[in-house]
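Accompanying notes for the structure given below.
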Amino acid sequence: MTAEKPVMSSDVWCCYLMASNKQRPAKLSVYLYIPNIVGYMRVVLNCIAFAVCFSNKTLFSLLYFFSFCCDAVDGWCARKFNQVSTFGAVLDMVTDRVSTACLLVILSQIYRPSLVFLSLLALDIASHWLQMYSTFLSGKTSHKDVKDSTSWLFRLYYGNRLFMGYCCVSCEVLYIILFLIAENHTENLMNVVVESLTQFSPLSLLLALSIFGWSIKQIINVIQMKTAADVCVLYDIEKQHKP
């Protein structure tokens, strides 16, 4: 005969649940983490920015860039107050991708050929979505953990905050500049870029620096997409060979 398992009384069970709830933070508390509140502010700023993008270009640029800068603020708050969360990481990435996507869509309506910006939009979303998904498949805690990558440029990008910051800022600054200097909705992209670069002004210098950082970022996106796709494929192969 096997001994019967002791039955936990209702009072003991209630005490156990209360102790567990005390140790586990409430769901609402995660939503109210300081970095997540900063993330909500970014969403509001972007909504206001795109609402006035055609009526007030300057205000749009200021609000959009300020929202982008808050990306660094919420990361600092997460580390400072020990409030790192999966929800916050997802909110951060979704806000980045959606805001950049909206700006690229607007630029595709201003410049010709519009396919340039739509292609950049597709590359940006595909590379980051695949990177996030491959992160979960490989059991990593962060999509920035690329120490095992064979690409030195990919490791440098995620391993050096200054370098990554330069590339990300370059992309956003380039898109904002292109939006600001457009005079009508039928601009030829190459003509506008070449004309602006040949003016030898502070704007042309800023544009050149932005294009360089933007170029590196697009190379990173391609490497990231290919690396993440390889992880997904290897996961399928290993799953098929499991007994």
Side-chain angles (χ1 to χ4, degrees), residues 35 39 68-80 82-101 103-104 107-108 115-175 178 189 193 207-243:
F68 171 75
C69 292
C70 286
D71 183 18
V73 175
D74 63 21
W76 179 86
C77 289
R79 295 185 296 272
K80 175 69 175 179
N82 193 25
Q83 293 182 339
V84 178
S85 64
T86 303
F87 170 74
V90 173
L91 174 65
D92 186 45
M93 177 169 283
V94 169
T95 302
D96 288 339
R97 303 284 65 79
V98 171
S99 58
T100 302
L103 182 51
L104 286 171
L107 290 174
S108 72
L115 184 60
V116 172
F117 296 102
L118 296 179
S119 299
L120 290 171
L121 168 58
L123 175 62
D124 187 60
I125 292 178
S127 65
H128 284 86
W129 189 89
L130 274 169
Q131 178 68 4
M132 285 291 288
Y133 195 79
S134 66
T135 298
F136 289 114
L137 287 180
S138 58
K140 295 179 179 179
T141 57
S142 173
H143 68 281
K144 297 179 180 179
D145 183 3
V146 296
K147 299 183 183 68
D148 54 351
S149 174
T150 57
S151 171
W152 65 269
L153 185 60
F154 196 37
R155 295 196 304 271
L156 176 63
Y157 178 78
Y158 278 119
N160 190 306
R161 290 183 180 276
L162 289 177
F163 181 63
M164 181 173 65
Y166 164 67
C167 295
C168 293
V169 170
S170 295
C171 281
E172 302 301 332
V173 169
L174 175 62
Y175 297 150
L178 290 176
L189 179 60
V193 171
L207 184 61
L209 290 173
S210 300
I211 290 176
F212 181 73
W214 168 86
S215 301
I216 298 175
K217 183 67 166 66
Q218 304 319 306
I219 296 174
I220 294 294
N221 280 342
V222 172
I223 297 174
Q224 179 169 263
M225 185 168 61
K226 177 61 170 61
T227 303
D230 287 343
V231 171
C232 294
V233 170
L234 290 174
Y235 177 82
D236 287 333
I237 294 174
E238 291 178 1
K239 188 168 62 174
Q240 291 174 0
H241 284 78
K242 283 184 178 180

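Below, each value reflects all heavy atoms present in this structure, side chains not excepted, and no hydrogens, waters or symmetry copies.
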Report all side-chain donor-acceptor pairs from residues 120-128 shorter than 3.5 Å, counting only partners two or more places apart or in another chain.
from	atom 1	to	atom 2	distance (Å)
Asp124	OD1	Arg97	NH2	3.4
Asp124	OD2	Arg97	NE	2.7
Asp124	OD2	Arg97	NH2	3.4
Ser127	OG	Leu123	O	3.0
Ser127	OG	Asp124	O	3.2
Ser127	OG	Asn221	OD1	3.4
His128	ND1	Asp124	O	2.8

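Nearest heavy atoms, Asp74 versus Pro35: O-CB, 3.2 Å. Contact record, Ser170 with Leu209: OG-O, 3.9 Å, taken as the closest heavy-atom pair.
Judged as a salt bridge (Lys or Arg N to Asp or Glu O under 4.0 Å), the pairs with a partner in residues 228-237 (not counting sequence neighbours) are, in order, Lys226-Asp230. Residue pairs satisfying the side-chain hydrogen bond (donor to acceptor under 3.5 Å, both in side chains) criterion with at least one member in residues 157-168, sequence neighbours excluded, are listed as follows: Tyr158-Gln224. Among residue pairs with one or both ends in residues 82-94, those qualifying as side-chain hydrogen bond (donor to acceptor under 3.5 Å, both in side chains) are Arg42-Asp92; sequence neighbours excluded.
By the side-chain contact (heavy atoms from CB on, under 4.5 Å) test, Ala89 is found to be paired with no residue, residues two or more places apart in sequence or in another chain being considered. Under the ring-ring contact (aromatic ring centres under 6.0 Å, His included) criterion, Tyr235 pairs with no residue at all, not counting sequence neighbours. Take Asp148 and apply the side chain to side chain donor-acceptor pair (under 3.5 Å) test, not counting sequence neighbours, and it matches Lys140. Partners of Thr227 by side-chain contact (heavy atoms from CB on, under 4.5 Å), not counting sequence neighbours, listed by chain and number: Phe154, Ile223. In this structure, the side-chain contact (heavy atoms from CB on, under 4.5 Å) partners of Cys69, at least two apart in sequence or on a different chain, are Phe65. Listed by chain and residue number, Glu172 satisfy the side chain to side chain donor-acceptor pair (under 3.5 Å) test with Thr100 (two or more places apart in sequence, or in another chain). Annotation: ring-ring contact (aromatic ring centres under 6.0 Å, His included) contacts of Phe163 (sequence neighbours excluded): none. In this structure Lys80 satisfies the salt bridge (Lys or Arg N to Asp or Glu O under 4.0 Å) test with no other residue, sequence neighbours excluded.
Contact annotation: the side chain of Gln131 approaches that of Val146 to within less than 4.5 Å [non-hydrogen atoms, C-beta and beyond]. Using a 4.5 Å heavy-atom cutoff, the side chains of Asp145 and Thr135 are not in contact. Annotation: side chain of Phe68 is in contact with side chain of Cys168 (closest heavy-atom distance under 4.5 Å). Side-chain contact between Phe117 and Leu178 is present, with heavy atoms from C-beta onward closer than 4.5 Å. Annotation: side chain of Cys232 is in contact with side chain of Tyr133 (closest heavy-atom distance under 4.5 Å).
Here the CG-SG distance, from Leu103 to Cys171, works out to 11.0 Å after rounding to the nearest 0.5 Å. A distance of 7.0 Å separates CD1 in Ile216 from CG in Leu153, rounded to the nearest 0.5 Å.
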